[in-house]
J.: 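Quick one: structure below, then a few questions.
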Amino acid sequence: MSEDRDDRPPVIGVGTLNISPRARALVNEVLDSNRLSYGPMTRRFEAGFARAHGCRFGVMSNSGTSALLVALAALKELHGWADGDEVILPAVTFAGTANIVFHARMRPVLVDVDPIHYELDPEKIEAAVTSRTRALIPVHVFGQPCDMDPVLELARQYGLRVIEDSAETMFARYKGRSVGSLGEIGCFSTYAAHLLTTGVGGLNTTDNPEYAEKLRSLINHGRDSTYLNIDDDDRKSPEELRRIVARRFSFVSLGYSFRLTEMEAALGLAQLEVGTEMIARRRTNAAWLTGKLSGHEAFLQLPRIRPGCEHSFMMYPIVLRDRKKDALVDFLEQNRVETREMLPLTNQPLYQRLMGIGEADYPVAGWINTSGFYIGCHQDLSSTDLDRIVELFDRFFKDGPTQEAGRRKT
């Protein structure tokens, strides 16, 4: 009886994971230390990540969504915002960006995005500002910073705080300044298939010590910052120790259980050490794809890098100019190239119900939802993988019946 064989080519995924010998060594260092709770490995990762993004403080939590939620909760508490106050965010972003506003008992207000880079359109923000607007959440999507100068100017003009949702963008600069250092608080994700991948994980960056202290407290149930981990009572005088013991279980804020372990930090630290090389490879792959796919630009809008910006290319976004994406996405998936949606909000039943919005109110987001998707351009793609991606696009647009099927769906 012959064995079943799968002769199909391997799946070309949107993300990657490669546990290096260095990562294994650092994880074993954690295990050998018999310490899983917040400790020296996490402090090393936080400090290195903050330094790489031009910030004084880094604070690690269990997800990018948690990082966003504690950022908003910290600002709400410290600045005395009320339930029902408003937060402006783009109409194209992952669900977590909107969800955290609801969880903070505030009101998300969506603004359409620009049609070239798919990020918060600065020209449309001011019309959304009201007397109850308190914050802006620009989202650095797909690996590229937003156009932050006009966002920051509007924030200054109206007295608003800026939270950077940088879940998809690390190690990229906007006019010489790093993402995560441009607003009050930056928020990053190390979830699987992201840039640095620790399985689960998130980080906040800030230059403000009061914000950093409040973030750590909120991640740890809103605990008094006098004692947030088991090292906080080490090598203290008798008087200091008595004061700490009296406040070990004092809770000063309505916080969350968003902690994680030293092992995630070990994985992140190993990848941080080679982050420059990883980003360089992604940029090389993206440039190669753009060069090879440029012959199809009559049909496709390929990613562009905004002047004055760097792009980390967490993924490679593509939007069909004048047709629906269905036929092309189906063709790629059937040929084992993974695709993903470009982070829609406006077509989601949840937000249509909670916010009373319709996709017609956000025409650029509507076009992206109908015609946009992304594929991978990560550092572990081989030249064979890249060639196969381009060959599939060539075949799709050369095939008359397939092309006509795509037109008929528009």
Side-chain angles (χ1 to χ4, degrees), residues 22-64 66-67 69-71 73-75 77-78 178 180-181 184-188 190 196 198-273 275:
R22 173 64 171 160
R24 295 175 190 276
L26 288 174
V27 169
N28 283 329
E29 185 179 324
V30 169
L31 296 174
D32 290 342
S33 75
N34 202 38
R35 172 74 176 269
L36 290 179
S37 65
Y38 183 92
M41 193 68 71
T42 308
R43 285 192 286 272
R44 285 165 62 187
F45 181 43
E46 289 175 333
F49 189 89
R51 188 165 53 250
H53 291 85
C55 293
R56 291 180 61 193
F57 304 103
V59 180
M60 194 173 187
S61 60
N62 63 0
S63 75
S66 297
L69 180 52
V70 296
L75 294 178
E77 179 177 341
L78 292 171
S178 176
S181 69
E184 271 68 34
I185 303 174
C187 307
F188 298 84
T190 59
L196 300 184
T198 64
V200 294
L203 289 128
N204 291 110
T205 52
T206 185
D207 284 331
N208 186 314
E210 185 180 20
Y211 291 166
E213 182 177 295
K214 181 57 68 175
L215 292 167
R216 291 192 188 284
S217 171
L218 290 171
I219 287 165
N220 197 340
H221 297 282
R223 206 167 189 162
D224 188 316
S225 60
T226 301
Y227 184 87
L228 292 175
N229 71 84
I230 61 175
D231 298 321
D232 284 343
D233 58 7
D234 191 30
R235 299 179 182 178
K236 297 295 192 294
S237 69
E239 182 179 343
E240 289 174 318
L241 186 58
R242 279 193 294 272
R243 181 175 61 85
I244 290 169
V245 169
R247 297 167 67 179
R248 270 183 185 156
F249 290 94
S250 175
F251 297 91
V252 297
S253 299
L254 188 62
Y256 314 89
S257 180
F258 287 165
R259 298 164 294 179
L260 78 177
T261 76
E262 288 272 88
M263 288 191 288
E264 287 85 10
L267 292 171
L269 184 59
Q271 293 174 54
L272 181 63
E273 292 173 355

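Each residue takes its place number in the sequence, starting with 1.
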J.: Please examine the side chains of Asp231 and Arg43, heavy atoms only from C-beta on, and report whether any two atoms are closer than 4.5 Å.
T.: yes
J.: Using a 3.5 Å cut-off and no angle test, enumerate the donor-acceptor pairs between side-chain atoms of residues 47-58 and protein atoms at least two apart in sequence or in another chain.
T.:
residue : atom : partner : partner atom : Å
His53   : ND1  : Phe49   : O            : 2.9
His53   : NE2  : Phe171  : N            : 3.0
Arg56   : NH1  : Asp207  : O            : 3.4

J.: Report yes if the side chains of Arg44 and Met41 come closer than 4.5 Å at any heavy-atom pair, otherwise no.
T.: yes
J.: Any side-chain to backbone donor/acceptor pair from Ser63 onto Gly202? Under 3.5 Å, distance only.
T.: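 No.
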J.: Taking Glu264 for the side chain and Thr261 for the main chain, is one N or O donor matched with an acceptor at less than 3.5 Å?
T.: yes
J.: Restricting to salt bridge (Lys or Arg N to Asp or Glu O under 4.0 Å), what partner residues turn up for Arg24, sequence neighbours left out?
T.: none
J.: Compare all side-chain heavy atoms of Leu203 with those of Phe45 and state whether any distance is below 4.5 angstrom.
T.: yes
J.: How far apart are the C-alpha atoms of Arg35 and Ser37, what are their side-chain angles, what is the distance that settles it, and do they pass the side chain to side chain donor-acceptor pair (under 3.5 Å) test?
T.: CA-CA 6 Å; Arg35 172 74 176 269; Ser37 65; 3.3 Å; yes
J.: Which atom pair, heavy atoms only, marks the closest approach of Asn204 to Ala67?
T.: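 Smallest interatomic distance, heavy atoms only, reads ND2-O, 3.0 Å.
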J.: So do the side chains of Leu269 and Glu29 get within less than 4.5 Å of each other, counting heavy atoms only?
T.: no
J.: Is the shortest heavy-atom distance from the side chain of Leu31 to the side chain of Met263 under 4.5 Å?
T.: yes
J.: Can you name the salt bridge (Lys or Arg N to Asp or Glu O under 4.0 Å) partners of Arg259, sequence neighbours left out?
T.: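 Here no residue qualifies.
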